[in-house]
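Throughout, residue positions are numbered sequentially from 1 according to the sequence presented.
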Amino acid sequence: MKRWYQAVAVLLAVTVTAACGAGGRPEGEQKGSTVGVTDTTIKIGAHFPLTGVAAPGYSEIPSGHQAYYDYVNANGGINGRKIEFVVKDDGYNPTNTSAVTNELVLKEEIFAMVGGLGTPTHSAVVDFLNNSKVPDLFVSSGSLRWGDDPKKAPFTFGWQPDYEIEGKIIGDWVRKNLPNAKVGLFLQDDDFGRDGEKGARRFLDKQIVEVAKYSPGNTDIAPQIAKLKAAGVDLVLGFNVPSYTALSQLASLKIGFKPKWFYSNVGSDPALVGSLLARFSEGKVTNGASLIDGVLTTEYLPGVDAPDNAWTKLWQKVWGAHGKGGALTNYRIYGMAQAYTFVQALQATGRDLTRERVVEAIQQSGKTFEGPGLAPFRYTADSHMGISGMSVVELQGGVGKDLTPVLVTDIGEAPIEANDSAANDSPPSNGIPEAKAGK
């Protein structure tokens with residue numbers, strides 16, 4: 001009898017193994033985590049500052065995401081699955097970011113974090129997301145930590161150009177075109193400012209005469225602006241968020257400081273800065289948009305100032321059909337562009353969707369992803385860095401006038417080269433990226 005029981009046990013074990021495969025799963029099912037995925041849905045999440053000092057502009061990004069996901073869902077979804085997007089407000093406060101990320105991962109059980117915003121805020125959760133093996137895709141920040149060391153953060157990917165390459169491109173342009181300028185740096189006191197400074201100093205170390213830093217949330221920046229003026233600065237390079245562009249302009253007006261300004265892409269949206277100038281000045285500044293005419297900045301996406309661009313036309317179509325009020329803005333375009341990349345990653349992963357497989361798909365195929373970005377992506381197994389370049393522009397009447405072709409580079413000693421190959425990409429006729437892998 002004992003031998004009979006043993007034989008039955010062995011037979012059952014063999015049967016179960018044959019049915020499940022070596023990994024203990026039914027045949028055909030992929031190994032890996034399918035948390036947040038059902039036969040009909042994919043639940044993703046993100047943290048954004050819907051309130052607080054960074055809310056102007058940035059609070060519009062998730063509405064762009066949502067509009068594009070609604071558009072995709074209305075057209076059948078991805079492999080029969082519709083995308084659910086859960087957004088939590090962190091107020092641009094890292095403590096809040098940790099709390100809402102815990103909710104998204106542990107309570108909402110999202111498949112992936114997509115587009116979580118902010119350098120100081122996302123820094124508070126990147127380790128938690130990677131330790132939890134949650135895909136942390138296309139962070140809304142250009143910090144190097146999202147992509148320069150995939151071994152340290154294997155589930156995290158950047159999306160926009162990182163601040164170091166932007167600093168390099170800005171620094172190289174200033175060195176060539178304003179070689180006698182006395183340069184002052186106006187920096188957010190975190191990776192945003194540090195990475196931008198690192199890139200700029202590769203070309204401008206001898207021209208930089210002063211550095212002034214601000215802490216996010218501290219709106220009294222009069223001492224920093226006075227410091228730059230006292231140093232004789234005639235060109236300020238700002239790596240700051242939009243609210244601090246407005247604050248720096250108002251603080252400069254008060255003390256008669258009139259340098260040339262070169263703001264990074266993050267802080268240079270004309271419409272938003274103009275509205276912030278009017279609000280912060282309590283109506284005393286009524287020509288805010290024209291106040292920043294002549295400001296230098298960078299561009300890596302076509303925006304609302306390019307209405308004839310094929311991508312802008314697509315975003316107008318999507319927003320017209322699925323926008324939840326208000327006009328199309330550059331921040332909503334940013335959100336739609338990120339969402340397009342995420343959908344492209346899902347298409348590259350294929351029907352058998354797991355957390356691990358979407359990471360592998362981006363590493364294997366991401367360098368060939370197309371989209372509205374002016375420069376190619378850099379995604380490989382060794383680099384999770386996003387868009388590789390941008391052009392230098394001057395703002396005139398709310399429109400960026402090109403001063404350079406698209407300039408592409410990488411971190412470190414990589415050269416800066418003209419490369420407009422990605423700028424010629426056009427959207428597919430239905431506005432949804434095609435599946436090219438992982439059938």
Subject >> Polar side-chain atom of Asp195 near backbone of Leu144 as donor-acceptor pair, under 3.5 Å >> reply: yes
Subject >> Non-hydrogen side-chain atoms of Val343 and Ile78 separated by less than 4.5 Å >> reply: yes
Original post:
Taking the six-membered ring for Trp, are Tyr163 and Phe239 ring centroids under 6.0 Å apart?
Top reply: no
Original post:
Charged N to carboxylate O under 4.0 angstrom, Asp352 versus Arg357?
Top reply: no
Table please: side-chain donor-acceptor pairs of residues 320-328 below 3.5 Å, with sequence neighbours left out.
| residue | atom | partner | partner atom | Å |
| --- | --- | --- | --- | --- |
| Lys324 | NZ | Asp70 | OD2 | 3.0 |
| Lys324 | NZ | His322 | O | 3.3 |

**OP:** Please identify each residue that fulfils salt bridge (charged side-chain N to carboxylate O under 4.0 Å, His left out) with Arg175, with sequence neighbours left out.
**Re:** Asp172
**OP:** Please list, chain by chain and in numerical order, all residues satisfying side-chain contact (heavy atoms from CB on, under 4.5 Å) with Pro405, sequence neighbours excluded.
**Re:** Leu407, Ala418
Original post:
Between the side chain of Thr41 and the main-chain N/O of Arg81, is any donor-acceptor distance below 3.5 Å?
Top reply: no
Subject >> Any Pro376 side-chain heavy atom under 4.5 Å of Ile387 side chain >> reply: no
Subject >> Passing candidate, ring pair (Phe, Tyr, Trp, His ring centres under 6.0 Å) with Phe157, options Tyr379, Phe342, Trp146 >> reply: Tyr379
Subject >> Lys43 and Glu109 ion-paired at < 4.0 Å >> reply: no
Subject >> Which atom of Leu104 lies closest to which atom of Gly45, heavy atoms considered >> reply: CD2-CA, 4.2 Å
Original post:
Do you know the tightest heavy-atom contact between Ser143 and Asp191?
Top reply: OG-OD2, 3.3 Å
Original post:
Distance-only, no hydrogens or angles: does the Asn96 side chain make a donor-acceptor pair with backbone N or O of Tyr92 under 3.5 Å?
Top reply: no
Original post:
So how far is it from Tyr68 OH to Thr341 OG1, rounded to the nearest 0.5 Å?
Top reply: 9.5 Å
Original post:
Using a distance-only test with no angle check, is there a side-chain donor-acceptor pair under 3.5 angstrom linking Thr156 and Asn130?
Top reply: yes
Original post:
With distance as the sole criterion, is a donor-acceptor pair present between the side chains of Glu60 and Thr329 under 3.5 Å?
Top reply: yes
**OP:** State, with a plain yes or no, whether a side-chain heavy atom of Pro56 is found less than 4.5 Å away from one of Leu272.
**Re:** yes
Subject >> Carboxylate-amine/guanidinium proximity below 4.0 Å for Glu394 and Lys260 >> reply: yes
Original post:
Quick one: do the Ser63 and Tyr331 side chains pair a donor with an acceptor below 3.5 Å?
Top reply: no
**OP:** Please report the closest heavy-atom contact between Asn265 and Glu166, naming both atoms and the distance.
**Re:** N-OE2, 2.8 Å
Original post:
When you measure from the side chain of Thr245 to the backbone N and O of Gly267, does any donor-acceptor pair fall under 3.5 Å?
Top reply: yes
**OP:** Indicate whether the side chain of Asp89 and that of His47 have a donor and an acceptor atom separated by less than 3.5 Å.
**Re:** no
Original post:
In Å and rounded to the nearest 0.5 Å, what is the CD1 to CD distance from Ile44 to Glu84?
Top reply: 10.0 Å
Subject >> Pair Arg201 + Glu197, salt bridge at N-O below 4.0 Å >> reply: yes
Subject >> Salt bridge flag under 4.0 Å for residues Arg378 and Asp162 >> reply: yes
Original post:
Strictly by modelled atom types, are Asp190 and Gln188 linked by a side-chain donor-acceptor pair under 3.5 Å?
Top reply: yes
Subject >> Glu108 side chain vs Val86 backbone, donor-acceptor pair below 3.5 Å >> reply: no
Original post:
Would you say the side chains of Thr380 and Gln363 form a donor-acceptor pair under 3.5 Å?
Top reply: no
Original post:
CG/Leu374 to CE/Met390 distance, rounded to the nearest 0.5 angstrom?
Top reply: 9.0 Å
Subject >> Those residues that, when tested against Arg279, pass salt bridge (charged side-chain N to carboxylate O under 4.0 Å, His left out) (two or more places apart) >> reply: none
**OP:** Quick one: list whatever passes ring pair (Phe, Tyr, Trp, His ring centres under 6.0 Å) with Trp311, sequence neighbours left out.
**Re:** Trp315, Tyr340
Subject >> Pair Ser140, Trp159: side-chain N/O donor-acceptor within cut-off below 3.5 Å >> reply: no
Original post:
Given Lys182 and Glu210, is the salt bridge (Lys or Arg N to Asp or Glu O under 4.0 Å) satisfied, shown in steps?
Top reply: CA-CA 9 Å; Lys182 294 181 179 179; Glu210 189 58 272; over 6 Å; no
Original post:
Among side-chain atoms of Thr409 and Lys168, is any donor-acceptor pair under 3.5 angstrom?
Top reply: yes
Subject >> Any Ile170 side-chain heavy atom under 4.5 Å of Leu237 side chain >> reply: yes
Original post:
Would you say the side-chain atoms of Ser365 pair up with the backbone N or O of Ile362, donor to acceptor, closer than 3.5 Å?
Top reply: no
Original post:
In Å and rounded to the nearest 0.5 Å, what is the CG to OG distance from Asp410 to Ser383?
Top reply: 6.0 Å
Subject >> Approximate separation, where rounding is to 0.5 Å, of Ile42 CD1 and Phe111 CZ >> reply: 7.0 Å
Original post:
Are any side-chain N or O atoms of Asn330 and backbone N or O atoms of Val304, one a donor and one an acceptor, separated by less than 3.5 Å?
Top reply: yes
**OP:** Step through it carefully: locate the ring centre of Phe186, locate the ring centre of Tyr214, and say whether they are under 6.0 Å apart.
**Re:** yes
Original post:
Under 3.5 Å, side chain of Asp420 to main-chain N/O of Ala423, donor-acceptor pair present?
Top reply: no
**OP:** Locate the shortest heavy-atom distance separating Ser421 from Asp425; write the atom from each residue and the value.
**Re:** O-OD1, 4.1 Å
Original post:
In chain order, what residues pass the ring pair (Phe, Tyr, Trp, His ring centres under 6.0 Å) check against Phe85, with sequence neighbours excluded?
Top reply: His65, Tyr69
Original post:
Is the backbone N or O of Val406 less than 3.5 Å from a side-chain atom of Glu299, with the two atoms forming a donor-acceptor pair by type?
Top reply: no
Subject >> Distance-minimising heavy-atom pair for Ser248 and Ile225 >> reply: CB-CD1, 4.0 Å
**OP:** In sequence, state the C-alpha distance, the side-chain angles, and the governing distance for Asp149 and His384, and then conclude on side-chain hydrogen bond (donor to acceptor under 3.5 Å, both in side chains).
**Re:** CA-CA 8 Å; Asp149 189 358; His384 289 185; over 6 Å; no
Original post:
Quick one: are Thr121 and Asn93 in side-chain contact, heavy atoms under 4.5 Å?
Top reply: no
Original post:
What is the minimum heavy-atom distance between Thr404 and Ser391, and which atoms define it?
Top reply: OG1-CA, 3.6 Å
**OP:** Please report the C-alpha distance between Leu296 and Val393 in whole Å, then the side-chain angles of each, then the deciding distance to 0.1 Å, and finally whether the side chain to side chain contact (heavy atoms under 4.5 Å, CB included) criterion is met.
**Re:** CA-CA 6 Å; Leu296 301 166; Val393 303; over 6 Å; no
Original post:
Between Thr119 and Ser141, do the side chains contain an N or O donor and an N or O acceptor separated by less than 3.5 Å?
Top reply: yes
**OP:** Would you give the length of the straight line joining atom CG of Asn240 to atom CG of Leu185, rounded to the nearest 0.5 angstrom?
**Re:** 11.5 Å
Subject >> Any donor-acceptor pair under 3.5 Å from Gln224 side chain to Lys213 backbone >> reply: yes
Subject >> Carboxylate-amine/guanidinium contact Lys133 Glu356, below 4.0 Å >> reply: no
Subject >> Within-4.5 Å side-chain heavy-atom neighbours: Val105 and Phe128 >> reply: yes
**OP:** Any chance you could lay out the side-chain hydrogen bond (donor to acceptor under 3.5 Å, both in side chains) test for Gln249 and Tyr263, step after step, and finish with the verdict?
**Re:** CA-CA 11 Å; Gln249 290 294 313; Tyr263 291 104; 2.8 Å; yes
